[in-house]
Amino acid sequence: MDIASDIPDSTDWLETSLKDFVQLESALHCQICKEFYNTPMVTSCSHSFCSRCIRTSLSADGRCPACRTPDQASRLRNNWALQEVVATFLAARPTAIRVARREQLEAQQAKRPGKRKRVVAGLDDVEEAGAGSRTTRSKSRKMAASQTSNPDVIEVDDSEDDDAYEPEAAADDGLVECPLGCGKRMKIEQVEPHLDRCEDEKQEVKKLTFRRPAQQSQRESERQSPRPQDRLAELNYSLLKEQPMRKKLEEIGIPAWGTKQLMVKRHTEWVNLWNANCDSNLPRSKRDLLQDLDSWERTQGGRAPTANAMSTNVMRKDFDGTGWANKNKDDFSRLIADARRKKEIEDTTSDPPKAEVEDDHPMPKMDGKENGSPHVDVPPITEPSALDSATSAPYADNTDAMASIRDKVEAANEGRHIEPLMNEDFRNTAFDTTSPISTPKHHDDDEYEQPVQGSQNEALLSEGLRSIRREVSGDDEHTRRQRTGSPCLMAAHLHNASTRQVPMFELPSEPVKDLDGAGEGTHF
Amino acid sequence: MTAPLPKRIIKETERLQSEPVPGISASPHDDNARYFDVMVEGPGGSCYEGGVFSLELFLPDDYPMCPPRIRFLTRIYHPNIDRLGRICLDVLKNNWSPALQIRTILLSIQALLGAPNPDDPLNEAVAKQWKARENQPEAIKTAREWTRLYANK
């Protein structure tokens, strides 16, 4: 069919005769993953989310995503009613949407009388479908369910039977319900011992009462597979040293390599996976869970590809700046030479508008960012755009802006001082207010204030880069920084005497291009 | 190894395209579905009215457990947006919740344009200008000027 049918979405109902179902279906979606609730859990603030989602969220944040009330994973409770609603809705959905679409089609055809006849003749059950969706929503859903031969469909009657079964039994057997609300019924003298192992028994109750709607055969196979029973406790990681932590991981049978930080992350992930599986009425085997953990490991854990091999290198504490400078000396010199040559060739006045425009130009494509690493140390957001600056000038048509820019450039090159339309911090001491170089810079200044990179690294970086700087002139350094993605310290950059002699908008566009091109490899 | 694109991102993208928010557009890059080009119109009645601001938005791997990274590409004179286009907005930081989404975040940003908050500034200088009563008309004028200069359609 169409693309939308690949991923069921509430908007699928928009093009049908059942437009109200958009809201119905969105109401059955978890706010976190935007999919149908999978083992919904209710928080102590009475919001519902998928077990896995809310556990991950709580371990990251400790607050309910909906209302920001602090909460704990141990206080989550299953929302079985919601789960059943989702299951029945999902079962009825394909037929319902098919019928609703067909009716919509019929309605459209009806507006064109010439075609109507043909359609009615072509589709045998159009009339029938039309009749169904003219009735109430629930009726049409029932009808949809009954029309299908799909064995997945759970008849509404069945689940009603289930609901009815429990209270009746309760009335007859003279038992009392577990005061902890696990749903288990027992003789009154059994309550006391039961309280101690309520959690365990809860699993059994779950199996007995709530798995009934599932297919018989599936249930059998599930019983045979090893089912995890006990929820894992969250650990107080700050109290655990590396070795005990490693032991703990080995005990529960998950990989125990890596730093403590990584082990903590892995353990958190595992606890969430495991406990969410305990919540589920169709738990999977430990092997499946380990596979999930492995895919986590490869995408977000210890085996995740580093976002930028070079940047992580540079960010390392023991980064050997001098060695790095020596190793790449050839490259640097070549780039410097390129930049110098370019500078000689370039006509100073032809460049300025581009330089200015660059600020507002969308970033070049973030090559390789889709590699999916969690450690996006240098995310696209902060990468300065230089790639397209020479080839596109989105403001070229804007005469006002261009005129104003040209004025500024002229003024700057003649040494006049124009009051920039700029805020005060351009006059802070790190800037030379008379130096025109500070005015046009906007996003170009990224390097010295990389928003995502830890400031604690800047000192180290500057240490490592100092040796490089010795042989690099002002603007070359600038471009080289773009390549390494490392922060460029503003003060050093702007105080460099040679910078001031560069005409305001002189931009080494050619070398920048080269650098970026060469830099692509460095992302991975 | 490429992290699988979560369904949530696909759904959000689809919804942004099929039911766009008025005055806001967000389209993913072809080669990186986590990276969006965003256009936000300045809200009517504000000093950014008539401007179309471009932003970039990136969904990190642990999205939706952590907020999207977002920043203005267009220059803007605003007490909560600094020279690098970074935005000071609670929901992008501490108050992020996985129940939020791209759509709601962009709406918050548009609302921030309509209601600058100089009491919690990111750009001290602009905020100072904005806060001082006698300077405020001046600040608003500058904001208009910048909108005309940089955020033209």
Side-chain angles (χ1 to χ4, degrees), chain A residues 3-4 7 9 11 14 31-35 49 53 56-57 60-61 63-66 68 295 298-300 303-305 359-363 365-376 379-382 385 395 398 400-401 404 421-426 441-443 445-446 449 451-452, chain B residues 1-12 14-15 18-19 29-35 37 54-58 60-62 64-66 69-75 77 82-86 95-101 123-129 142 145-146 148-152:
Chain A
I3 310 155
I7 297 173
D9 190 72
T11 49
L14 278 176
Q31 288 290 297
I32 296 177
C33 63
K34 309 281 178 204
E35 289 178 53
F49 305 93
C53 297
T56 316
S57 177
D61 191 28
R63 292 181 299 173
C64 166
R68 302 209 173 95
S295 72
R298 274 181 281 117
T299 52
Q300 296 187 50
R303 253 179 284 141
D359 288 346
D360 297 337
H361 190 257
M363 296 302 213
K365 304 272 194 295
M366 286 309 142
D367 13 289
K369 278 304 167 207
E370 61 272 46
N371 83 326
S373 153
H375 314 294
V376 193
I381 301 290
T382 61
S385 152
Y395 285 76
N398 183 342
D400 272 6
S404 122
L421 279 171
M422 192 56 74
N423 45 56
E424 295 261 327
D425 59 330
F426 275 85
K441 300 254 171 197
H442 178 48
H443 298 305
D445 292 344
D446 276 13
E449 281 191 303
V452 265
Chain B
M1 177 68 208
T2 303
L5 199 63
K7 265 194 201 168
R8 156 150 179 169
I9 295 182
I10 301 171
K11 282 189 173 182
E12 279 200 53
E14 260 184 14
R15 182 124 187 270
S18 62
E19 295 174 83
H29 275 209
D30 290 336
D31 55 351
N32 187 351
R34 288 174 177 273
Y35 183 76
D37 289 323
S54 96
L55 297 90
E56 59 175 354
L57 185 149
F58 181 72
D61 277 332
D62 29 1
M65 292 308 155
C66 72
R69 296 167 197 270
I70 185 158
R71 142 185 122 106
F72 272 83
L73 294 172
T74 309
R75 282 173 79 170
Y77 191 82
D82 75 357
R83 290 177 299 117
L84 309 182
R86 294 177 298 183
N95 272 343
W96 167 255
S97 145
L100 295 170
Q101 47 180 327
N123 199 331
E124 285 282 358
V126 177
K128 225 190 277 170
Q129 188 88 346
T142 316
E145 176 92 338
W146 280 35
R148 194 177 56 77
L149 261 177
Y150 304 111
N152 246 311

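Numbers restart at 1 for each chain; the letters A, B, ... are given by sequence-line order, proteins then strands.
With chain B as the partner, the residue from Thr56(A), Ile32(A), Asp61(A) showing the most heavy-atom pairs under 4.5 Å is Ile32(A). Note: Asn95(B) leads Leu55(B), Leu100(B), Asn95(B) in heavy-atom pairs under 4.5 Å with chain A.
Using a 4.5 Å cut-off between heavy atoms, Glu124(B) does not touch chain A at all.
The one candidate from Pro65(A), Ser57(A), Cys64(A) that meets the side chain to side chain contact (heavy atoms under 4.5 Å, CB included) condition with Ser97(B) is Pro65(A).
The heavy-atom pair separating Asp61(B) from Thr299(A) by the smallest distance is OD2-O, 4.4 Å.
Every residue two or more places apart in sequence or in another chain that forms a salt bridge (charged side-chain N to carboxylate O under 4.0 Å, His left out) with Glu19(B) is listed here: Arg15(B). Scanning for side chain to side chain donor-acceptor pair (under 3.5 Å) contacts around Arg8(B) gives Glu12(B), Tyr63(B), with sequence neighbours left out.
Between the side chain of Lys11(B) and the backbone N or O of Lys34(A), at least one donor-acceptor pair lies under 3.5 Å.
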